Visitor: 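Quick one: the structure is below, and I'll ask about it shortly.
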Amino acid sequence: MPKLSWNSRLSSSAGRFCPGSRRLIMPRGAHIEVATYLRDLSDGEMHIRDTVLHEMIHYFLWHQKKPYGHTAEFKGILKKVGAKRYNTVPKVRPVKHWYECPGCLKRIPARRRIRNSACAGCCEMHNCGKFTDRFRLRLVDANSQPATPPPPKKPTANPMAPLVEQRLPPHEVIRRLEELREILKSRARP
Ligand SMILES: [Zn+2]
Ligand SMILES: [Zn+2]
């Protein structure tokens, strides 16, 4: 049986078959590597199964000393064992970096580092669609919790509300407010 291992550097393929060496001196066993990122996919289990099956067929043919590439025989076996895909590279690639807009705090995934980019939405809304440093995307720690925007300010309570709730006639409301103003004025005096 081939050695099975994860490979965290595989990103352009789901798996890899490394044939062994049949030399008499220092023979080397065959090796199957499966891309680590498959584990992070929601349907990862299916991809891992398909990938291992695919690479096992390479191994099976190699073991039988047959051409072990994607030959007609390879495809025939693939069909027979029920691995549907010819090449099981999922479309979803791992996200390496996360960027955050300092304006709307939206998080943007990126596979490679980006420089001098600003949030399109914020530039559109607050800067006539032109680039501004204010919304330059900043690199954030992928594991950090997204910052929560501050809660919207509650409207300040209407100071008149208690008086209005008492169903006082308007002139009475005004009289009490004037009274209040006099009290505040006298307090303000030294
Ligand atoms: Zn293959
Ligand atoms: Zn933004």
Side-chain angles (χ1 to χ4, degrees), residues 6-16 33-51 54 70 83-190:
W6 296 106
N7 185 337
S8 60
R9 283 156 309 159
L10 275 186
S11 61
S12 59
S13 65
R16 186 155 80 166
E33 291 179 335
V34 180
T36 313
Y37 74 87
L38 295 183
R39 294 190 294 203
D40 303 332
L41 305 176
S42 57
D43 50 357
E45 218 171 285
M46 183 265 287
H47 283 296
I48 292 165
R49 190 196 72 114
D50 270 14
T51 303
H54 178 109
H70 297 140
K84 283 171 202 80
R85 243 147 304 184
Y86 165 70
N87 193 358
T88 60
V89 182
K91 283 184 189 75
V92 192
R93 295 286 190 73
V95 166
K96 288 214 179 104
H97 309 289
W98 282 93
Y99 286 86
E100 192 177 78
C101 165
C104 63
L105 302 178
K106 196 172 104 178
R107 286 213 168 178
I108 295 144
R111 243 172 265 138
R112 58 191 65 201
R113 281 189 178 252
I114 47 177
R115 270 171 234 277
N116 300 323
S117 284
C119 173
C122 285
C123 289
E124 192 59 52
M125 193 144 39
H126 309 293
N127 201 45
C128 309
K130 275 182 282 179
F131 173 91
T132 169
D133 236 22
R134 272 196 297 154
F135 305 124
R136 184 196 290 271
L137 298 178
R138 58 189 182 197
L139 189 66
V140 290
D141 179 2
N143 298 316
S144 72
Q145 284 298 309
T148 41
K153 277 186 196 138
K154 277 187 206 151
T156 41
N158 179 2
M160 298 278 278
L163 297 175
V164 174
E165 269 161 30
Q166 286 172 44
R167 291 175 194 280
L168 297 171
H171 68 270
E172 183 64 4
V173 172
I174 290 163
R175 198 189 63 76
R176 289 198 186 189
L177 281 174
E178 279 187 337
E179 222 176 78
L180 195 67
R181 199 172 62 188
E182 285 309 309
I183 294 165
L184 290 173
K185 240 195 238 169
S186 64
R187 274 197 198 157
R189 271 178 220 133

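Side chains included, hydrogens not; waters and symmetry mates left out as well; all remaining heavy atoms used. The structure presented is a predicted model; accordingly, all values stated were derived computationally and were not measured.
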Visitor: Rounded to the nearest 0.5 Å, what's the gap from CH2 on Trp98 to CG on Leu139? Could you check?
Guide: 12.0 Å
Visitor: Would you name the heavy atoms of Phe131 and Asn116 that are closest together and state the gap between them?
Guide: CE1-O, 3.7 Å
Visitor: Calculate, to the nearest 0.5 Å, the distance between atoms CE and CG belonging to Met46 and Leu38 respectively.
Guide: 10.0 Å
Visitor: Which pair of heavy atoms, one from Ala35 and one from Ser13, lies closest together, and at what distance?
Guide: CB-O, 3.6 Å
Visitor: ring-ring contact (aromatic ring centres under 6.0 Å, His included) for His54 and His47? Distances and angles first, verdict last.
Guide: CA-CA 10 Å; His54 178 109; His47 283 296; over 10 Å; no
Visitor: First locate atom CG of Leu137, then atom CZ of Arg115, and finally report the distance between them rounded to the nearest 0.5 Å.
Guide: 13.5 Å
Visitor: Mind checking the NE2-SG spacing from His126 to Cys104? Nearest 0.5 Å is all I need.
Guide: 7.5 Å
Visitor: I need the full list of salt bridge (charged side-chain N to carboxylate O under 4.0 Å, His left out) pairs touching residues 121-137, with sequence neighbours left out, sorted by first then second residue.
Guide: Asp133-Arg136
Visitor: Roughly how far apart are Arg113 CZ and Tyr99 OH, rounded to 0.5 Å?
Guide: 5.5 Å
Visitor: Taking side-chain contact (heavy atoms from CB on, under 4.5 Å) as the test, write out the residues that go with Asn7, two or more places apart.
Guide: Arg9, Leu10, Arg16, Glu33
Visitor: Check the pair Cys122, Asn127 against side chain to side chain contact (heavy atoms under 4.5 Å, CB included), reporting the backbone distance first and the verdict last.
Guide: CA-CA 7 Å; Cys122 285; Asn127 201 45; over 6 Å; no
